[in-house]
Amino acid sequence: MNVFSDFRDVVQADIKALQDAGSLPADLNASRVAVDPPREAAHGDLTCNAAMMLAKAAGMKPRDLAELLAVRLRDHPQISDVEIAGPGFLNLRLNEDYWRDHLRDVLAAGAAYGDSDMGAGEPVNVEYVSANPTGPLHVGHARGAVFGDVLASLLDKAGYAVTREYYINDAGAQVDALARSVHWRYSEALGAVSGDMPEGLYPGDYLVPVGKALAARDGARWQDQAEDEWLAEFRQLGVDAMMAQIRDDLAALGIEQSVFTSERALVEAGMVDAVVETVEGQDLIYVGVLEPPKGKKPDDWEERPQTLFRASNFGDDSDRPLKKSDGSWTYFASDLAYHLDKYRRGFKTLINVWGADHGGYVKRVAAGVEALTGGEAELDVKLCQLVRLLEDGEVAKMSKRAGTFVTLRELVDAVGRDVVRFIMLTRKNDAQLDFDLVRVREQSRDNPVFYVQYAHARSHSVARMALEAFPDADFSVAAARGANLARLTDSDELQLIKTIAAWPRTVEGAAEAHEPHRLAFYLYDLAAAFHALWSRAREDASLRFVVADDPELTQARMALVLGVRTVVASGLRVMGVEPVDELRA
RNA sequence: GCGCCCGUAGCUCAGUCGGAUAGAGCACCAGAUUCCUAAUCUGGAGGUCGCAGGUUCGAAUCCUGCCGGGCGCGCCA
C-alpha cells in the first residue's frame, strides 16, 4: 500500500512495454528509477526521474524519453495529469478518488497500515544496551535502549524477523571488581568492615542489599576464605543481581529483550576456539609485534610479541590483539566469538547499538565479521551520541555525590516512560541530544511529545463532539469506511490524506536506513498538518469537522480524522509510546 | 600524529540509495483571536549548506584536500 512503490511499478511496467515495442533498447538498467514525493506540492503528487536515469543508455534526450513515458502514463486510470518539467522530471497527479480510496484502505488496515513485506522474513539481530552488569543503567544507556528497541519494532513492522538481544559482559576484570565489591558489602553486613570502600571497587549502594542477603543466607562462612574460594560465586551472584535490576529498569522503559548472551558462557563453551578454527589456514592469526600508537605514547609501552588478528586485511587501521599478557583472551577475542555465534544462529544482518565512545572499535569488529563470515554477514553499528540533561535550559548536575549518578530509573520516574521514549528519537542517533526535564513536560507546540499526543487526543475529542451533534450516528471506524468520501473536496483535506499516505514509505525508508528517528519527525509533520486543518475552521466555520446540519459531511470528515488517528496511533506504538485519548489531567 | 562522527537560518535541528526555488520549531517582526477542546492562529523576514577543488544533465548529499568541534587510539570492557 505504498503509493510511491506502487507507481514505481507502474512506471517500470511502462518502460518494459516500451522496450517490448522496440521504442527503448532492451538492455536498460531501470533499477535506479524512482518515484518520490516532489519537494514542491505544485509539482504534483509524485515525481519520477526515469527519463534522466535512462536517457544516456537509451541514446535519447531526457525530455523526449519523458514524453514517450508520459503518453503511456496519461492512459493510466488513476493518473489524472502528467507533466514534464525541468530536465525531464515526470510529474504525476493522481485522481482525487484515488486518494479517497486510499483513505478507505487505511481505515480497513488499521494498525497494520504501513506494514511492509520489505524484509521478507529475513532474520535480523538487534543488540542493544549491553551495559556492563556492574551497576544500574544511567541516562546515557536510555538513548541506546530506546533507539535499539524502536529500531527492532520498526524492522518488525517492515517484515523482518527481529531478535532483540543483550550481550552480558560478565567475563572481564570489571566483573571481578564487582565480585570484590559484593564481598565488601557482605563483610559490611556482617559488621567486619565499614566506612569507604577501597579503591577500584564499585562504591554505589546498590550492592548493599546483595551483601545483606548473602550474609543472611550464608552467615560468615565466606568471611575468612581466600578470594579464590568465593570469587566465582560472588561474581555470579553480583552479575545476577545487577542483571535482574537492569532488566527491571528496562521493563520500566517498556523494553524486554528476548535473548541474553553471556560472554563467559561463550568463552567457556569454546566459542573463541571456534573463531580460531574458522579462520584456520587463512593466515589471519599470527604472533607479531604492534607499533606503539603515534602521538600519545603510553608510559608503560613495551614492545612484545602477541597473538594478533589481521584486521588490517579487512579495512582496519592496524592488526588487533587477541590475547592479553596473562594469556587470557582479550575482550575483542570474545567479541569475535560472540559475532560468530550470532552468525551461526542464522543472522546475516547484525545491528549493534553502541555509545559513541566505542566508535573506535567499529572497524575491527566489522573486519572480524567480514573475515569470520566470508563477507556473508552485514554488520551495522549504530553509534548513539551523548544525552545532555537540562533543566529549563540549564545543564542539570549529573552527579549528586561520588558513586551515584542520574539513573535511567530516575529519569523514567521523573518524566514518564512515553516522554523518555519519544524524546530520545527527536534527534538522529549520531547527533548529541539535549533532554530538558522541564520543557518535555510543557504543553505547547515546541514539545513534540505533547504535540503528537495532542493530535491523537484531538481525534477523540472530535469524535466525542460528533456524537454529541448526532447522538444516533455511528462514528466507528467500520462506519467511517462506508462514508461518502466524495464529500472531502477541500484541497487541505486531500493533502492530509496524502500526508497519511506517506506513512508506509516512511516506515520502509526508516527501516532500510536503520533510522528510527524518522518516525518521530514524520509524526510531528502529520500532527502539524492535522492541527493546521483544525485551525482553519477558526476562520472558516464551514471547514469544521463536525457540521451540525450535515451528517454525511461529518461522517466523511470523521473518516479523515480516524485516518489521522490510525497512523498516529500506529506510529506511536512502533515507538513504544502509548497513544492517549485525552490530555486533560 | 592516525581513525571515526559532526559542521545547514541568530539558536536547536530535519533534509528520502544525488533531483527542481534547501525545510521545521524556537527567537524576532507584523497582524488575528468573547474560536467545535484547553494547552492560540496566520503571515513576514532570516542561507556563500565550514572553505576550496572534483565527479555529472543535476551536489547540502558522492570523491579529494584543508579549517573547526566531539569521540577514540596495545596487555579495559
Side-chain angles (χ1 to χ4, degrees), chain A residues 4 32 34 36-40 42-43 47 49 51-52 55-56 61-62 85-89 91 130-132 134 169 171-175 263 289-296 298 300-304 306 308 316-321 323-328 330-332 334-335 355-363 383 385-386 426-428 430-434 442-448 450-451 454 457-458 460-462 464-466 468-469 502 505-506 508-510 512-513 515 517-518 521 524-525 528 531-532 534-539 541 544-548 582-584:
Chain A
F4 303 94
R32 293 182 65 215
D36 295 307
R39 187 146 50 197
E40 301 275 330
H43 292 150
T47 183
N49 62 358
M52 281 98 74
K56 186 172 275 182
K61 288 185 196 161
F89 288 103
N91 290 336
S130 297
N132 290 333
T134 52
N169 297 127
Q174 296 187 8
V175 283
E263 178 189 3
V289 178
L290 279 182
E291 307 243 328
K294 301 231 162 52
K296 195 192 93 181
D300 57 346
W301 179 270
E302 61 172 289
E303 278 199 355
R304 60 173 196 83
Q306 52 189 338
L308 299 169
D316 199 358
D317 314 301
S318 145
D319 293 341
R320 303 296 178 180
K323 279 191 178 176
K324 305 186 219 170
S325 51
D326 67 0
S328 64
T330 59
Y331 176 79
F332 176 55
S334 48
D335 219 7
D357 54 340
H358 290 63
Y361 201 73
V362 173
K363 274 191 182 181
L383 299 175
Q385 274 289 353
L386 294 178
T426 54
R427 289 287 175 270
K428 209 159 48 176
D430 52 19
Q432 184 174 312
L433 183 144
D434 285 347
E442 282 173 6
Q443 299 204 334
S444 75
R445 182 173 184 148
D446 343 342
N447 178 0
F450 163 77
Y451 203 59
Y454 186 23
R458 178 165 268 172
H460 279 274
S461 70
V462 172
R464 286 190 290 269
M465 289 184 301
E468 265 177 48
R505 184 178 192 272
T506 302
E508 290 186 350
E512 184 168 23
E515 290 187 351
H517 74 279
R518 293 189 196 182
F521 283 91
Y524 184 84
D525 288 344
H531 292 313
W534 167 274
S535 299
R536 275 190 65 201
R538 292 158 59 102
E539 307 203 335
R544 290 182 180 184
F545 293 124
V546 179
V547 185
E582 208 174 1
L583 285 164
R584 215 191 284 276

Chemist: Would you mind checking if A:Glu508 and A:Arg505 are paired as a salt bridge, meaning a charged N to carboxylate O distance below 4.0 Å?
Modeler: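 The answer is no: the pair does not qualify as a salt bridge.
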Chemist: Would you mind reading off the distance between A:Glu515 atom CD and B:U16 atom P, rounded to a whole angstrom?
Modeler: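 To the nearest whole Å, that distance equals 9 Å.
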Chemist: Sequence neighbours left out, what passes side-chain contact (heavy atoms from CB on, under 4.5 Å) with A:Ala457? Give chain and number order.
Modeler: A:Leu583
Chemist: Once you apply a heavy-atom cut-off of 4.0 Å, does A:Asp357 come out as touching a base, just sugar-phosphate, or nothing?
Modeler: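 Touches sugar-phosphate only.
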Chemist: Whole angstrom is fine here: how far is it from CZ in A:Arg544 over to C1' in B:C35?
Modeler: 7 Å
Chemist: Tell me what A:Pro62 touches on the nucleic acid: a base, only sugar-phosphate, or nothing, going by heavy atoms under 4.0 Å.
Modeler: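 No contact.
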Chemist: Do A:Arg320's NZ or CZ and the ring of A:Phe332 fall within the cation-pi criteria of under 6.0 Å and 45°?
Modeler: no
Chemist: Could one point to a donor on the side chain of A:Ser325 or the base of B:C75 with an acceptor on the other under 3.5 Å away?
Modeler: yes
Chemist: Taking only side-chain N and O atoms of A:His531, does any of them lie within less than 4.0 angstrom of OP1 or OP2 on B:A38?
Modeler: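 For A:His531, the contact criterion (side-chain N or O under 4.0 Å from OP1 or OP2 of B:A38) is not met.
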Chemist: Who are the side-chain contact (heavy atoms from CB on, under 4.5 Å) partners of A:Arg464, not counting sequence neighbours?
Modeler: A:His460, A:Ser461, A:Glu582
Chemist: Could you list the residues that satisfy side-chain contact (heavy atoms from CB on, under 4.5 Å) with A:Ala528, not counting sequence neighbours?
Modeler: A:Arg445, A:Tyr451
Chemist: Hey, what are the protein-to-nucleotides 23-34 of chain B N/O distances that come in under 3.5 Å?
Modeler:
| unit_1 | atom_1 | unit_2 | atom_2 | d |
| --- | --- | --- | --- | --- |
| B:G25 | OP1 | A:Arg445 | NH2 | 3.3 |

Chemist: Dot-bracket for RNA chain B: what is it, with Watson-Crick or G-U pairs under 3.5 Å, [ ] where a pair crosses earlier ones, and | for a pair to another strand?
Modeler: (((((((..((((.....[...)))).(((((.......))))).....(((((..]....))))))))))))....
Chemist: Sequence neighbours left out, what passes side-chain hydrogen bond (donor to acceptor under 3.5 Å, both in side chains) with A:Asp434? Give chain and number order.
Modeler: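 With sequence neighbours excluded, A:Asp434 shows a side-chain hydrogen bond (donor to acceptor under 3.5 Å, both in side chains) to A:Arg388, given in chain and number order.
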Chemist: So what does A:Ala356 touch, heavy atoms closer than 4.0 Å: a base, only the sugar-phosphate, or nothing?
Modeler: sugar-phosphate
Chemist: Kindly write out the residues that satisfy ring-ring contact (aromatic ring centres under 6.0 Å, His included) with A:Tyr454, not counting sequence neighbours, or none if the list is empty.
Modeler: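 ring-ring contact (aromatic ring centres under 6.0 Å, His included) list for A:Tyr454, sorted by chain: A:Phe450, A:His531.
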Chemist: Under the rule for side-chain contact (heavy atoms from CB on, under 4.5 Å), what residues qualify as partners of A:Leu308, not counting sequence neighbours?
Modeler: A:Tyr286, A:Leu290, A:Gln306, A:Asp319, A:Pro321
Chemist: Does one side chain, of A:Asn132 or A:Thr134, offer a donor that lies under 3.5 Å from an acceptor on the other?
Modeler: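 Judged by distance alone, the side chains do not pair up.
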Chemist: Identify, with sequence neighbours excluded, every residue that meets side-chain hydrogen bond (donor to acceptor under 3.5 Å, both in side chains) alongside A:Asp525.
Modeler: none
Chemist: Just to be sure I understand the rule, does A:Arg536 reach a base, reach only the sugar-phosphate, or reach nothing, if contact means heavy atoms closer than 4.0 Å?
Modeler: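 The residue A:Arg536 makes no contact with any strand.
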Chemist: Among residues at least two apart in sequence or on other chains, which ones pass side-chain hydrogen bond (donor to acceptor under 3.5 Å, both in side chains) with A:Arg427?
Modeler: none
Chemist: Report which part of the nucleic acid A:Lys323 touches: base, sugar-phosphate, or nothing (heavy-atom distance under 4.0 Å, all strands).
Modeler: nothing
Chemist: With heavy atoms under 4.0 Å as the rule, sort A:Gly509 into base, sugar-phosphate or nothing.
Modeler: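 Here A:Gly509 touches no strand at all.
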Chemist: Is there ring stacking between A:Trp534 and B:C41, where the centres must be under 5.5 angstrom apart and the planes under 30 degrees?
Modeler: no
Chemist: Across the strands shown, which category fits A:Arg464 at heavy-atom distances under 4.0 angstrom: base, sugar-phosphate, nothing?
Modeler: base
Chemist: Among all residues two or more places apart in sequence or in another chain, which pass the ring-ring contact (aromatic ring centres under 6.0 Å, His included) test with A:His517?
Modeler: A:Phe521
Chemist: Nucleotide by nucleotide, 5' to 3', does protein get under 4.0 Å of the base (B), only the sugar-phosphate (S), or neither (-) in nucleotides 5-13 of chain B, counting heavy atoms?
Modeler: SS-----SS
Chemist: Indicate, with a heavy-atom threshold strictly under 4.0 Å, whether A:His358 touches base, sugar-phosphate, or nothing.
Modeler: base
